[in-house]
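Remember, predicted model here, so these are calculated numbers, not experimental data.
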Amino acid sequence: MNFTTSTTPASVQEEWIREGLTIWGGTRIYSIGTLEFGLKARENDMTFKVDPGSTSVKVFYLASRGYANGLFWQTDPVSLDVVLKPNGRYQVQGVYGEKTVRFKIVDLESKAVLVESSEIQVIRRPNPFMPGPSIVPIFIPAK
């Protein structure tokens with residue numbers, strides 16, 4: 001997705017891993033600077049072209065680690081401040097643990113880690129792309 005006005009844009013790609021039908025996940029981009037994509041569903045491994053320079057990239061983790069009764073492993077969005085070089089190529093990545101994730105932004109040319117977050121707690125919650133179940137109250141008259 002191209003959101004740049006620059007003739008030398010930087011590209012930032014997501015990290016997505018699939019190990020089977022019900023085991024998948026990775027680091028998703030929530031926003032880059034003032035471009036907010038949110039939690040909306042989109043293709044996996046998206047690459048965003050943006051203007052180079054100092055910016056904040058907000059990321060989150062979303063995964064299915066197998067059948068889990070409609071719950072997914074997730075984190076809240078986390079901001080990573082970075083300077084994107086003209087024509088630079090970057091990837092947001094995660095170090096995924098059972099209960100935490102540590103995010104980083106990697107320069108794909110040099111393989112250097114430009115910024116890394118602290119450990120972020122993984123939370124199990126419903127899919128953010130789908131509406132939750134409707135709860136309809138049932139009235140049972142007293143006898």
Side-chain angles (χ1 to χ4, degrees), residues 1-140:
M1 300 182 87
N2 191 347
F3 297 97
T4 187
T5 57
S6 172
T7 58
T8 57
S11 63
V12 185
Q13 73 181 73
E14 298 177 325
E15 176 183 55
W16 196 253
I17 302 161
R18 179 174 285 281
E19 296 178 13
L21 185 60
T22 62
I23 300 175
W24 48 261
T27 300
R28 307 293 297 239
I29 295 173
Y30 183 86
S31 66
I32 300 174
T34 60
L35 299 167
E36 188 171 302
F37 312 109
L39 301 173
K40 72 177 210 165
R42 57 183 179 263
E43 294 179 28
N44 301 325
D45 269 339
M46 291 290 295
T47 297
F48 301 91
K49 289 187 178 190
V50 296
D51 291 330
S54 182
T55 193
S56 180
V57 179
K58 195 177 277 190
V59 298
F60 67 100
Y61 171 65
L62 175 67
S64 170
R65 297 179 180 174
Y67 295 104
N69 295 324
L71 297 179
F72 293 82
W73 283 258
Q74 302 170 51
T75 65
D76 290 329
V78 173
S79 290
L80 301 170
D81 294 331
V82 66
V83 177
L84 303 175
K85 297 182 298 190
N87 295 318
R89 291 180 42 248
Y90 306 92
Q91 185 179 42
V92 295
Q93 298 177 359
V95 178
Y96 310 110
E98 184 63 31
K99 297 182 180 183
T100 62
V101 175
R102 195 171 62 248
F103 297 108
K104 56 188 175 180
I105 297 179
V106 175
D107 182 313
L108 291 175
E109 185 176 317
S110 69
K111 305 297 184 211
V113 175
L114 303 180
V115 62
E116 192 167 350
S117 74
S118 59
E119 297 283 326
I120 308 301
Q121 181 182 3
V122 173
I123 303 163
R124 290 180 65 194
R125 57 173 87 126
N127 186 341
F129 307 139
M130 305 296 279
S134 298
I135 299 175
V136 178
I138 299 174
F139 177 73
I140 301 174

So [Y] and [X], do their side chains get closer than 4.5 Å, heavy atoms only?
{"X": "Leu62", "Y": "Trp73", "value": "no"}
{"X": "Phe60", "Y": "Val78", "value": "no"}
{"X": "Val122", "Y": "Phe72", "value": "no"}
{"X": "Leu80", "Y": "Ser117", "value": "yes"}
{"X": "Ile29", "Y": "Lys58", "value": "no"}

How far apart are the closest heavy atoms of [X] and [Y], and which atoms are they?
{"X": "Ser79", "Y": "Ser56", "value": "CB-OG, 3.6 Å"}
{"X": "Thr47", "Y": "Ser11", "value": "CG2-CB, 3.8 Å"}
{"X": "Lys49", "Y": "Pro9", "value": "CB-CB, 4.4 Å"}
{"X": "Tyr30", "Y": "Pro77", "value": "CD1-CG, 3.9 Å"}

Taking only residues two or more places apart in sequence, or in another chain, which ones meet [X] in a salt bridge (charged side-chain N to carboxylate O under 4.0 Å, His left out)?
{"X": "Glu15", "answer": "none"}
{"X": "Lys85", "answer": "Asp107"}
{"X": "Glu119", "answer": "Arg102"}

(request) Check whether the side chains of Thr8 and Asn87 place a donor and an acceptor atom closer than 3.5 Å, and report yes or no. (result) no

(message) Looking only at side-chain N and O atoms, does Ser6 offer a donor or acceptor that is under 3.5 Å from a partner on Asp51?
(response)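 No donor-acceptor contact under 3.5 Å links the two side chains.
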
(message) For the CE atom of Met1 and the CG atom of Leu35, what is their distance to the nearest 0.5 Å?
(response)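 CG of Leu35 is found 10.0 Å from CE of Met1.
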
(request) Carefully, step by step, assess Arg65 and Glu98 under the rule side-chain contact (heavy atoms from CB on, under 4.5 Å). (result) CA-CA 10 Å; Arg65 297 179 180 174; Glu98 184 63 31; 3.7 Å; yes

(message) I'd like to know if the side chain of Glu19 and the backbone of Gly25 have a donor-acceptor N/O pair within less than 3.5 Å.
(response) no

(message) Using only atom types and a distance under 3.5 Å, with no angle test, would you say the side chain of Gln74 pairs donor to acceptor with the backbone of Ile123?
(response)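 It does not hold such a pair.
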
(request) Identify, with sequence neighbours excluded, every residue that meets side-chain contact (heavy atoms from CB on, under 4.5 Å) alongside Thr55. (result) Ile32, Val57, Val82, Leu84

(message) Let's go through Met46 and Trp16 carefully: what are the C-alpha distance in whole Å and the side-chain angles of both, what is the deciding distance for side-chain contact (heavy atoms from CB on, under 4.5 Å) to 0.1 Å, and is it a yes or a no?
(response) CA-CA 9 Å; Met46 291 290 295; Trp16 196 253; over 6 Å; no

(request) Quick one: list whatever passes ring-ring contact (aromatic ring centres under 6.0 Å, His included) with Tyr96, sequence neighbours left out. (result)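 Tyr61.
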
(message) One pair to check against side-chain contact (heavy atoms from CB on, under 4.5 Å): Leu108 and Gln13. What are the steps and the verdict?
(response) CA-CA 10 Å; Leu108 291 175; Gln13 73 181 73; 3.5 Å; yes

(message) Around atom CD of Glu109, are there more than 12 heavy atoms from other residues, nucleotides or ligands closer than 6.0 Å?
(response) no

(request) Determine, using ring centers only, whether Tyr90 and Phe48 are less than 6.0 Å apart. (result) no

(message) Checking Asp76 now: which residues fulfil side chain to side chain donor-acceptor pair (under 3.5 Å) with it, not counting sequence neighbours?
(response) Arg125

